[in-house]
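What follows is one structure encoded as structure tokens, with my remarks underneath.
Predicted model only: the values in this text are computed from it and were never measured.
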Amino acid sequence: MSKKVKFLSMLVTAVLLLWVGYDMQQLTDSSGFWAYRPLLLLALLTFFITLVRSNFFYSSPWRIRWTSLTTLSGILLYLGFPTMPLTPLIFVAFVPLLLVEHEISRIEEKPFWKIALFSYHTFLVWNITSTFWVSNSSLGGGIFANFVNAALMTIPFMLYSFTKRYLKPNLHAWAFISFWIAYEKLDQYWELTWTWLTLGNTFAQYPSWAQWYEYTGVFGGSLWILLLNVIIFGLVRDHKLWNLTWQTLRLPILLFLVPLILSLGMYATHTDKGVDQNVLVIQPNFEPHYQKFTIPASTQFRKMVDQIKSKLDDDTDYVIMPETVLRNVEISTKANTGYVKELSRQFSKYPDLKIVSGASAYFKSIDSLAIPRRTRRTSFSRDAPIYYESFNAALQLSNNIDTLQFYKKSLLVPGTEIFPYSSLFFFMEGFINSMGGTVAGNGIQAERSVFWNEDSTLAVAPVICYESIYGEYCTEYIRNGANAIFIVTNDGWWDDTPGYKQHLKFASLRAIETRRSIARSANTGSSAYINQRGDILEATNYEEDAVLDSSIKFNNEITFYAVWGDMIARIAILISALLFFNALVHKLTGKKNRVHHNIE
């Protein structure tokens, strides 16, 4: 790329970036919505970075080829992921990237940083195209999530690239598969967890393809995708496409068809099990950026009461209301107060009715030791300190049950509900407090508690928003007795983009893994019922006031996955550790299994 072309390209890109940024600011000032503009902003920013590093990406025919192939991999990953309907593309999405890694490894004596940057490019393209919508809730948070998550995805790929130099060729594929699945699992265990792009989530687009998730969970899907990618990569690497025969194509075709046919057969023969319960689902539709926190809570409460009354009858067993719709619920006392008390009064003539609702809750005490330091907030009353702990909670209210049942959301969204590693970054507390923020995140609980009915024969799992994308996490509710899953959420932060649609579709996988029916109440976004084979039923539209009235099955059978969890991922972690330490020993002892060819 000539200097003139580079300069003009950078100038045009910079102007477009400024125009998009200005347009977004104008929309914010006029209480408008960004919609897909963050996608354009992030795409332009990425292109600008490649122009800045044009000597790396475009300086030779080989580098232009590698840039093109890694971009293609990112686009194929996007096209194969929900909500795009081109799911089969996910089975070849890694092939261009694997070809780039193969070619660079054979050309370069020290290929590490080239492979790292080109693979990072693939994962950045995938992150931006599939999860740009995060920026609609927080521009800085969205940019951080996309760029950092792409860097994290680069780690398992680089571990594969490193270890394969010290492994026999027949172990290369297993190294790639193991490191990737191990990464997907380990990403669940830290405070910056962001598992949205787990490969196994792909089949949320077509739940009929993933019925065997009741045995494997989403990592069975990841394994299927990765196996086909490495096999097809081997064919592309070792054969001319026009020389492929049935004998060489037989394995990938069978590997694609056998799990698919098995799943379709399970889907066709599955029948929902359990007892019927009538569930009313409320979608009040208060837009979170400009309405939910400005319209008086009393006005919102009255609207939801009216929505319930419009469909409520003596046959209704449950009402489910969205995340945080009840405000300032105090759990320091056993007495029902505020909106909880009013809700109980409004429906006192329905003694068997159980209302499950999201709530902004708090616990207060004059004893500082009653609240963990990390989540402790302090205020003063008559110069005496009062200590608070806040929760994103769910509660179940029933006039037939003496105790108000609570659950505290325990998988928290990094940044908004938890300040990651606040003990490590303790020195930032003063600065953040001075800016009007706080490092005190929400409180959590150790167990996945469930809400029982009046005679303790049926229970629901109160799953709050972000928690619903974690399969093994949700199985804890099932082992604790849940017969159905109630999801309360608020997906309006992302505007009318793929974000809320992906979130809804992922819930289908939880239904399959646990064979539990789901009732899902969203403030806005999409409320729905999901049956035990993952079909989404009666889904509401975005920005729609809605009340759903239907019955779902409460099932008490336990699936293999609900008992054993992510066994595939745990095996992958073990294999990854063995392969890495084997490679490390070989590196330290000077042994290599690598051929160097200068083909440039």
Side-chain angles (χ1 to χ4, degrees), residues 1 3 6 46-74 77 93-127 147-183 186 226 229-230 233-234 236-238 575-600:
M1 179 182 291
K3 290 183 178 180
K6 176 181 176 179
T46 301
F47 182 58
F48 187 83
I49 292 170
T50 65
L51 290 172
V52 171
R53 295 298 309 275
S54 61
N55 289 338
F56 180 85
F57 288 102
Y58 308 115
S59 60
S60 72
W62 276 107
R63 294 194 180 210
I64 294 172
R65 167 184 167 82
W66 295 334
T67 301
S68 301
L69 286 173
T70 51
T71 302
L72 177 61
S73 257
L77 285 163
F94 282 98
V95 173
L97 175 60
L98 289 167
L99 280 171
V100 170
E101 191 280 335
H102 173 69
E103 291 175 1
I104 294 176
S105 295
R106 293 173 68 85
I107 290 174
E108 302 288 339
E109 182 64 35
K110 295 181 179 180
F112 183 87
W113 286 111
K114 282 186 180 178
I115 294 173
L117 287 172
F118 278 113
S119 60
Y120 178 76
H121 179 66
T122 286
F123 301 130
L124 184 58
V125 170
W126 182 24
N127 274 266
F147 280 80
V148 171
N149 200 55
L152 294 173
M153 286 179 165
T154 305
I155 294 173
F157 193 80
M158 294 312 300
L159 287 172
Y160 152 71
S161 183
F162 165 72
T163 57
K164 71 189 279 281
R165 298 193 299 172
Y166 305 95
L167 296 173
K168 294 179 180 178
N170 61 350
L171 292 177
H172 291 182
W174 293 109
F176 174 58
I177 292 168
S178 298
F179 281 122
W180 190 271
I181 294 178
Y183 152 73
L186 292 173
L226 292 166
N229 269 280
V230 296
F233 160 67
V236 174
R237 180 194 60 200
D238 299 335
I575 293 173
S576 297
L578 292 174
L579 292 176
F580 176 74
F581 284 114
N582 173 73
L584 193 61
V585 169
H586 279 74
K587 178 177 175 61
L588 294 175
T589 56
K591 296 180 180 179
K592 270 190 183 180
N593 183 36
R594 181 181 175 227
V595 178
H596 177 72
H597 297 284
N598 190 350
I599 62 174
E600 191 167 36

Review point. Can you name the nearest heavy-atom pair linking Asn229 to Ala93, along with the distance?
Key: OD1-N, 3.1 Å
Taking the side chain from [X] and the backbone from [Y], do they hold a donor-acceptor pair closer than 3.5 Å?
| X | Y | answer |
| --- | --- | --- |
| Ser178 | Ala175 | no |
| Thr71 | Thr67 | yes |
| Thr122 | Leu97 | no |
| His586 | Asn582 | yes |

Check your understanding: Could you go step by step and tell me if Leu226 and Phe94 meet the side-chain contact (heavy atoms from CB on, under 4.5 Å) rule?
Key -> CA-CA 8 Å; Leu226 292 166; Phe94 282 98; 4.1 Å; yes
Could you check if a side-chain atom of [X] sits within less than 4.5 angstrom of a side-chain atom of [Y], using non-hydrogen atoms only?
| X | Y | result |
| --- | --- | --- |
| His121 | Thr50 | yes |
| Phe580 | Tyr166 | no |
| Lys114 | Pro111 | no |
| Met153 | Trp180 | yes |
| Ser119 | Met158 | yes |

Exercise for review: Measure the acute angle between the ring planes of Phe157 and Phe123, then classify it against the limits of 30° and 60° as parallel, tilted or perpendicular.
Suggested key: perpendicular
Point to revise | Parallel, tilted or perpendicular: ring planes of Phe118 versus Trp66, cut at 30 and 60 degrees | key: perpendicular
Point to revise | Trace of the side chain to side chain donor-acceptor pair (under 3.5 Å) decision for Tyr120 with Thr70 | key: CA-CA 9 Å; Tyr120 178 76; Thr70 51; over 6 Å; no
